[in-house]
Structures are given as structure tokens and as C-alpha cells.
Amino acid sequence: MALQDLCNLQDVLGDSLTTGCSSELFGKKTGCNYVSGLPFSNTTSMFTFYIPVAEYLDESPIQFGQIGSVQSFGAASSQDSLLPSVSWPMCPPLASSHSVPLPFPMSHGTTTLAFLFQGGVLAAADTRSSCSGLVACPASQKILPIHSHLVGTTSGTSADCALWKRILSRELRLYQLRHGRRLSTSGAAKLLSHMLHPFKGTELCVAATLCGWDGGEVGEGLDHGGAKTDLSGRRETTGRFVREKASFSGPSLCYVCSDGTRLQGTLFSVGSGSPYAYSILDQGVRWGLTVDEATSVAREAVYRATHRDAYSGNCVDVYHVSSKGWTRRSREDLKEEYYRERERQGRRDVALSE
């Protein structure tokens, strides 16, 4: 009554409040118009209230809360003429749903790098996973081993990178079982690029740098033709196995992105901290580095990037890939590098003052 008094309405069709409440939803009574007593499909009154009933729970989840297609928001019936002719904005059907925006923008940050030198491939990355301005995980693993002689640095969405790393690892293992040898790093990059291509333009975000050592092993696998090939390339008509030796042996580095990019080079840095890492890598990386020198350059590059980039930080992981496979250096907190840098700076200041 308070709502009717506010709108200067009289008690019209008072008896109809308890009768005529028949609105069919999927063939069942679910609600009524509490002013005119008319079904929903024949009224545009602003006082059309939807009252759920017990039969509502019997519908399928897909149809739950939906309005039947027989509804019409056309002209009002003659019985609605008793109400004042006031123009009110029409509300959308109850079944319409609006997309809810994210509470904050999703942004990703990382610092990963990899480069070639005479000892193989060195890969390094920080361990901070961020979501907008929040640190989601301070100890995430951004360098993922794929097989014994191949690792991949990952940048982008952590879940996407982990999923496609497992898919690539499975495919490379199947290739090795079929052909008796490992797929080259460039071949793995091409395979990953082809698998990611159908998802171009979607929200998939994967940027991987594949660091591997190609060749150097003698593979043995089943030949579908039943012939046998020795190391000199000659094929035998008896036997069931094929022996092959890769023609190229050495380190290789490829970059693959979900937007379709596939590059092969000698130095890559990916992530929000990559511009700061490049400043150290460009002046410190050369072919004649030893393993210790290459590790020192990689650690300093990650440290400089984390010092300037808010989305990178915490610890640093370093992987070395050689002809014997990949090895991992113990994870180190970057604050130790900060203290060492401060100590070196203090010694330089003392030397200059003397």
C-alpha cells in the first residue's frame, strides 16, 4: 500500500490480487502482476513483480531464471488503462546477464634471459609472479625443464606457460620414441609455434625461449620399412632398427610467442624487466666466456632488472645447458647481490677518496 500511496494510486482490482495470478514459465505458474493480476506476457506495468515458486527448482540449470520467449513488451492491455500513463524506462528481462568487469587490470611482469657462449646456453630468470600491483607468488619457477638437453624460460600467464610446457614435453618424448633421437631446438620451436597458432588473437599469453643442445647422441629407433641404417648412412635390408647421428652438434636458442613470433638468435631477454637486462647483456656477453663468468653476467643482469622493475624480484634461477644436459644452480636471493653491490661501491668510494 505504501508504494501505491506514493504513486497516487487507488485500490483497483483489489479482489484480483488473490486471483488471476497465472504467468506460465515453461508450462508452470511462477508469478503474477500484483497490480492488474495479469500474466507477465500481457503487461508492461512498472509493478510487475516476479515471485519464484517451488516448481522453479525443477527446471534445468540452463533454464533457471529465464523468461519464456512468449513474453512481449508491446502495448498495454485495456485493463492497464486504469493506471496513470507515465513513461518509465523498461528494464531488461530477468534472464539477461551482464559481464562483470575485473576488479583490477591484469598485468604480468617478469625478467627472463638466455644467451649462447662457448660452454653452451645459460638461462636465468627471477622468481616473482605478479598480478596487477600484487605479488602473487615470490618463489615461482620460470625456467621449466622440457627434456634432458632442453629447458625453456617462460613469460606471460603462468598457467598457460605450464600447460604448454607439458604439452611440448609430451610431444618431444613421443618424437624421441618414434625416431630414436631428440628433436632439434629449432624443430621444437617450430612445433610449439604451430600448436600455439590456432590460439592467436585470444587471451592466451605464452612467450618461451627454448634453450637446448642439439645432436651429439646416437639414436636407435624402429624403421617402418624394416631396414637398418648404420652410422655411415648405408641401409641394410635386414633388421628392425635404424641408427642415426645428428649432423649438427652444439647449443641453440629459439624464441616463440603465442602471437606467432618465432626467432632464432644468440641472445634473448623477455619480460617487463628485459630493457634493463639488455643493458648488462649487451656489454657483458661474448662467446669466450667461461661458465662462471657467464653465470656472473646473468645474475647481474637479473639483479639490475629487478632493482628497476617493480614486477620482478625475490630470487634468481640459473640453468646451464651443455652437451651433458642441463644443470641448475642453487636458487639465490637477490638481496645478497644487493649487499655485495653496496660493498663494492663502498670500496670504490674509499679508493677514490685516497
Side-chain angles (χ1 to χ4, degrees), residues 112-125 127 140-155 158 160-196 206-223 229 231 241-256 262-268 270 287 289-292 294-295 298-299 315-332:
T112 64
L113 58 92
F115 57 87
L116 301 181
F117 68 108
Q118 65 175 359
V121 188
L122 201 78
T127 61
S140 61
Q141 187 174 354
K142 300 182 181 180
I143 304 179
L144 304 176
I146 299 176
H147 61 64
S148 61
H149 288 71
L150 181 64
V151 299
T153 68
T154 58
S155 178
S158 300
D160 293 339
C161 295
L163 172 64
W164 285 101
K165 174 263 174 185
R166 292 196 295 267
I167 295 175
L168 179 62
S169 179
R170 179 196 65 190
E171 295 298 327
L172 295 184
R173 178 57 179 162
L174 292 174
Y175 180 90
Q176 186 175 6
L177 291 174
R178 293 189 184 104
H179 302 278
R181 59 184 177 87
R182 298 189 303 267
L183 183 63
S184 64
T185 305
S186 59
K190 187 175 182 179
L191 175 62
L192 180 61
S193 178
H194 280 287
M195 290 190 299
L196 292 175
V206 175
T209 304
L210 301 183
C211 317
W213 185 282
D214 295 335
E217 85 282 1
V218 176
E220 186 175 272
L222 178 65
D223 185 11
T229 305
L231 296 179
F241 294 94
V242 174
R243 280 186 175 270
E244 295 177 344
K245 186 172 182 179
S247 59
F248 170 77
S249 178
S252 182
L253 193 62
C254 295
Y255 169 74
V256 180
R262 179 165 59 92
L263 302 172
Q264 187 170 8
T266 59
L267 187 152
F268 290 107
V270 186
W287 178 255
L289 292 176
T290 63
V291 176
D292 293 337
T295 303
R299 287 171 57 255
C315 302
V316 57
D317 287 332
V318 178
Y319 281 73
H320 175 223
V321 185
S322 64
S323 59
K324 299 180 180 180
W326 60 264
T327 57
R328 178 182 178 183
R329 188 176 181 270
S330 300
R331 178 173 290 185
E332 182 181 1

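Just so you know, these numbers use all the heavy atoms, side chains as well, and skip hydrogens, waters and symmetry mates.
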Original post:
How far does OG1 of Thr185 sit from CD of Gln264, to the nearest 0.5 angstrom?
Top reply: 8.5 Å
**OP:** With rounding to the nearest 0.5 Å, note down the distance linking CG in Leu174 to NE2 in His179.
**Re:** 10.0 Å
Subject >> Any Arg182 side-chain heavy atom under 4.5 Å of Tyr175 side chain >> reply: no
Original post:
Could you give the distance from CG (Leu150) to CG (Leu168), rounded to the nearest 0.5 Å?
Top reply: 7.0 Å
Subject >> Sidechain-backbone polar pair: Lys142 side chain, Ala124 backbone, donor-acceptor under 3.5 Å >> reply: no
Original post:
If you look at every heavy atom in His320 and Gly119, which pair is closest and at what distance?
Top reply: NE2-O, 2.9 Å
Original post:
Going from CE on Met195 to CD1 on Ile167, what distance comes out if it is rounded to the nearest 0.5 angstrom?
Top reply: 6.5 Å
Subject >> Heavy-atom closest contact (Val121 atom, Ser252 atom, distance) >> reply: CG2-O, 3.9 Å
Original post:
What residue among Thr266, Thr290, Leu267, Val291 forms side chain to side chain contact (heavy atoms under 4.5 Å, CB included) with Phe117?
Top reply: Val291
**OP:** Could I get the full list of side chain to side chain contact (heavy atoms under 4.5 Å, CB included) partners for Tyr255, not counting sequence neighbours?
**Re:** Ala207, Thr209, Cys257, Thr261, Leu263, Phe268, Val270
**OP:** Could you tell me which non-hydrogen atom of Thr112 sits nearest to which non-hydrogen atom of Ala125, and how far apart they are?
**Re:** CG2-CB, 3.7 Å
**OP:** For Ser140 and Thr127, indicate whether the former's side chain and the latter's backbone hold a donor-acceptor pair under 3.5 Å.
**Re:** yes
**OP:** Output, in order, the C-alpha distance, side-chain angles, deciding distance and verdict of side-chain contact (heavy atoms from CB on, under 4.5 Å) for Lys165 and Thr154.
**Re:** CA-CA 9 Å; Lys165 174 263 174 185; Thr154 58; 5.5 Å; no
Original post:
Passes side-chain contact (heavy atoms from CB on, under 4.5 Å), Lys190 versus Arg262? Steps please.
Top reply: CA-CA 7 Å; Lys190 187 175 182 179; Arg262 179 165 59 92; 3.9 Å; yes
Subject >> Side-chain donor/acceptor of His147 to backbone N/O of Leu183, under 3.5 Å >> reply: no
Original post:
Do Trp326 and Pro145 come within less than 4.5 Å of each other through their side chains, counting heavy atoms only?
Top reply: yes
**OP:** Please round to the nearest 0.5 Å and tell me the distance separating atom CG of Leu113 and atom OG of Ser155.
**Re:** 11.5 Å
Subject >> Considering all heavy atoms, the nearest Ala114-Cys211 contact >> reply: CB-SG, 3.5 Å
Subject >> Minimum heavy-atom distance Cys161-Val206, with the two atoms named >> reply: N-CG2, 4.1 Å
Subject >> Rounded distance [0.5 Å steps], CZ in Phe115 versus CG in Leu289 >> reply: 6.5 Å
Original post:
Backbone N or O of Ile146 within a donor-acceptor pair of the Ser169 side chain at under 3.5 Å?
Top reply: yes
